[in-house]
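Some notes on the structure that comes next.
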Amino acid sequence: MARDEPFAAAVDVADGDSTSSSPTLTRLREALAALSEAFESGDAASSDAAAAAVAEILSASDADASAALAEQMLREVHAFLSSPSSNQMAMDALSLELPKPVAKLGARMGNCRDIARTIIEFFASNCSPRDMLCILCEALDTPVALNGSAYLVILLDGLASTLILIQRRHIEQVKVVLPAILRVMHANLSECDEEHGMSAVDLFSAALRIGNAIQEMCKTMVNHRKEELCSILGLYALQNIALVSSESKHQNIQSTCGSVVLQYSKLLMFCGFTYLGLLTGNDVTSATTKLSKEEDDNFLDCFSFAMDGASLVVVWTSMHDDMSKYAGAEFESALKEVQDNCIRKWEAINMFRYVLSSVNYSWAIKSHSLDLLLTLVDDKCSEETNDHVDFPCSTQIFAILKAIERVMIAAPDTLMRKKAFSALKRVISVVPSTQRFDILQALIENSMFPSLTAILLDLVKNEVLRESRRADQVNGSDRSQDSGESPPWASQVLELVELILRPPEGGPPCLRDHSEEVLSALNLLRLILIIDSRGSRSAKMLRDEKIRAVYSEWLLPLRSVVTGIQSELEKDGGDDENQMACLLNPVQLVLHRCIELVEEKMKGL
């Protein structure tokens with residue numbers, strides 16, 4: 001191969017510079033000359049030692065050499081390799097030793113990076129591509145303290161150049177390369193801060209070039225082998241989209257991240273992924289199913305964020321102008337199809353849990369996720385879906401609701417917390433009535449925050465009211481339905497009230513810390529008592545033993561606590577006591593009303 005003219009000219013210019021007389025540069029030239037002589041003489045042992053000596057000189061210089069000296073050393077290596085008299089065996093020997101030290105020197109500023117890329121691309125073009133894949137993957141795993149992202153970018157570019165040259169067993173080679181790439185990217189990004197955000201973008205752009213190389217592979221393949229490789233490429237793109245999105249927390253690169261996501265989205269469309277399949281997650285499931293052979297289990301582990309990526313593509317499309325333009329009418333059509341099909345709607349609802357429950361993504365992304373969720377779950381769906389048989393299991397519904405709860409609790413601004421609460425109510429409203437109380441009970445039992453528990457109890461109260469009105473309508477039109485049996489939700493609701501008013505750990509609740517949830521539980525109990533007093537339909541909701549327990553074990557102990565706190569407040573005074581009095585007053589009013597209702601009911605026992 002002829003010498004690269006720009007680099008050759010630069011070498012001639014640099015020869016007059018002080019670096020040309022550097023002892024390190026002199027030793028490098030001597031080592032390269034010794035390597036050439038060893039191969040010409042056929043001395044295998046000396047050849048290996050000479051190649052190692054070249055690598056050792058480069059490795060010893062990567063920390064101490066100036067940028068000018070590093071550049072000159074790289075030019076010497078490039079000149080040696082591209083010389084018409086260069087020996088193929090010498091190239092092969094150096095390809096085993098040089099990628100790591102060359103990439104480390106290339107990670108410096110100036111022209112070093114371009115020269116290092118050229119050297120590694122030279123190895124890819126003139127040595128065995130399969131061997132180079134292994135060599136470069138091994139180099140990826142080498143920890144680099146200084147300019148680590150730049151080091152990885154050089155190696156990733158080399159891998160992209162090498163992949164295009166693979167002539168057979170494409171899928172097998174890709175399965176070796178991608179886990180190594182994704183592993184080091186994830187590790188490197190975890191160390192990136194806002195100051196180094198653009199370095200992360202460079203890294204993703206290099207990883208995109210890997211995807212482009214695999215895309216070129218796909219174009220040469222047919223039938224099921226092409227489908228399998230496209231599935232791999234699609235999952236790789238989704239994994240990177242999730243990693244890119246995690247970096248968008250840095251405000252200074254958010255727009256740039258959106259542009260990178262757009263390029264990965266184009267790979268997805270090439271692989272046959274659709275916005276409908278991404279919304280519902282079905283395309284991800286289909287891709288993993290194609291690859292879920294027993295020998296591929298470990299391989300699939302490297303795509304652990306693929307579902308996140310699918311949901312994030314949809315979110316980015318809604319929040320980034322260029323992605324929205326690229327998606328065009330297909331995205332709007334997918335949204336409408338999901339809105340009009342309740343099963344697809346639940347599949348889409350379930351997908352949002354990946355983004356909302358994760359700490360990896362920005363609040364901006366989560367806010368747009370909630371906007372999409374509210375768009376998909378409109379009021380029209382609530383009644384028509386309640387009796388449908390093909391609903392997700394309770395654990396999936398619970399997971400998305402817990403994810404929304406996390407946003408309600410942790411969101412930094414009031415508007416977003418309100419938006420999350422609206423989403424929570426909307427999703428609960430479309431849960432089948434047969435599962436709704438089970439879900440609410442599970443949420444309350446797993447709540448760690450009194451204020452959140454109070455909100456959930458208020459939702460239970462709303463559901464009780466709705467179910468009661470529905471039963472009244474049925475009984476009003478058909479008196480034969482008035483069986484006198486307790487409604488199916490009654491026992492669950494009473495268990496929830498007891499959970500708050502008579503905690504499992506014993507004794508009445510601590511009003512100073514739990515006044516909100518106690519007030520909500522009392523309001524719920526008051527509603528039950530009012531419903532229970534209206535007629536025979538619910539006359540058995542509170543049986544004799546239960547009403548006595550409510551009175552003696554729930555309400556009277558709580559009244560004693562309220563009376564005791566009141567006495568303390570009257571003695572102490574002060575701002576804190578006044579605040580506690582404000583919290584206590586509504587509790588006292590509802591408590592006294594509940595006691596009155598229970599005492600009236602007990603008169604008839």
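All values below come from the heavy atoms of this structure, side chains included, with hydrogens, waters and symmetry mates left out.
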**Complete:** Applying side-chain hydrogen bond (donor to acceptor under 3.5 Å, both in side chains) to Arg183 and not counting sequence neighbours gives Asp141
**Asked** With sequence neighbours excluded, what pairs up with Ser95 under the side-chain hydrogen bond (donor to acceptor under 3.5 Å, both in side chains) test?
**Response** none
Name all residues meeting the salt bridge (charged side-chain N to carboxylate O under 4.0 Å, His left out) criterion together with [X]; count only those two or more places apart in sequence or in a different chain, and write none if there are none.
{"X": "Arg117", "value": "Asp114, Asp157"}
{"X": "Lys402", "value": "Glu405"}
{"X": "Glu30", "value": "none"}

**Request:** Could you verify whether a donor N or O on one side chain and an acceptor N or O on the other, from Ser149 and Asn188, lie under 3.5 Å apart?
**Result:** yes
**Message:** Can you see whether Glu216 engages Asn212 through a side-chain donor-acceptor pair at a distance of less than 3.5 angstrom?
**Reply:**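 Checked: Glu216/Asn212 side chains show no N/O donor-acceptor pair below 3.5 Å.
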Do side-chain atoms of [X] reach the backbone of [Y] as a donor and acceptor pair under 3.5 angstrom?
{"X": "Gln239", "Y": "Phe305", "value": "yes"}
{"X": "Lys345", "Y": "Leu376", "value": "yes"}
{"X": "Ser36", "Y": "Ala33", "value": "no"}
{"X": "Ser311", "Y": "Asp308", "value": "no"}
{"X": "Ser369", "Y": "Ile365", "value": "yes"}
{"X": "Tyr236", "Y": "Ala207", "value": "yes"}
{"X": "Glu332", "Y": "Ala327", "value": "no"}

**Complete:** Of all heavy-atom pairs linking Ala116 and Gly106, the shortest is CB-CA, 3.6 Å
**Fill in**
Rounded to the nearest 0.5 angstrom, the CZ-CG distance for Arg75 and Leu25 is 12.0 Å
**Request:** Enter the distance from Ile400:CD1 to Thr395:OG1 here, rounded to the nearest 0.5 Å.
**Result:**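 Spacing of CD1 (Ile400) from OG1 (Thr395) equals 13.0 Å.
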**Request:** Indicate yes or no: at least one non-hydrogen side-chain atom of Arg406 is less than 4.5 angstrom from one of Leu356.
**Result:**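 Heavy-atom side-chain distance check fails, nothing below 4.5 Å.
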**Request:** Measure the shortest side-chain to side-chain distance between Leu300 and Phe303 over non-hydrogen atoms and say whether it is less than 4.5 angstrom.
**Result:** yes
Quick one: side chains of residues 266-288, donor-acceptor pairs under 3.5 Å with protein atoms, not counting sequence neighbours, listed by atom name and distance.
unit_1, atom_1, unit_2, atom_2, d
Thr274, OG1, Gly277, N, 2.9
Thr274, OG1, Asp283, OD2, 3.4
Thr280, OG1, Leu276, O, 3.0
Thr280, OG1, Asn282, N, 3.4
Thr280, OG1, Asn282, ND2, 3.1
Asn282, ND2, Glu347, OE1, 3.3
Asp283, OD2, Thr274, N, 2.8
Thr285, OG1, Gly281, O, 3.2
Thr288, OG1, Val284, O, 3.0
Thr288, OG1, Thr285, O, 2.9

**Request:** Decide yes or no on side-chain contact (heavy atoms from CB on, under 4.5 Å) for Phe123 and Leu94, but give the supporting numbers first.
**Result:** CA-CA 9 Å; Phe123 285 138; Leu94 289 176; 4.0 Å; yes
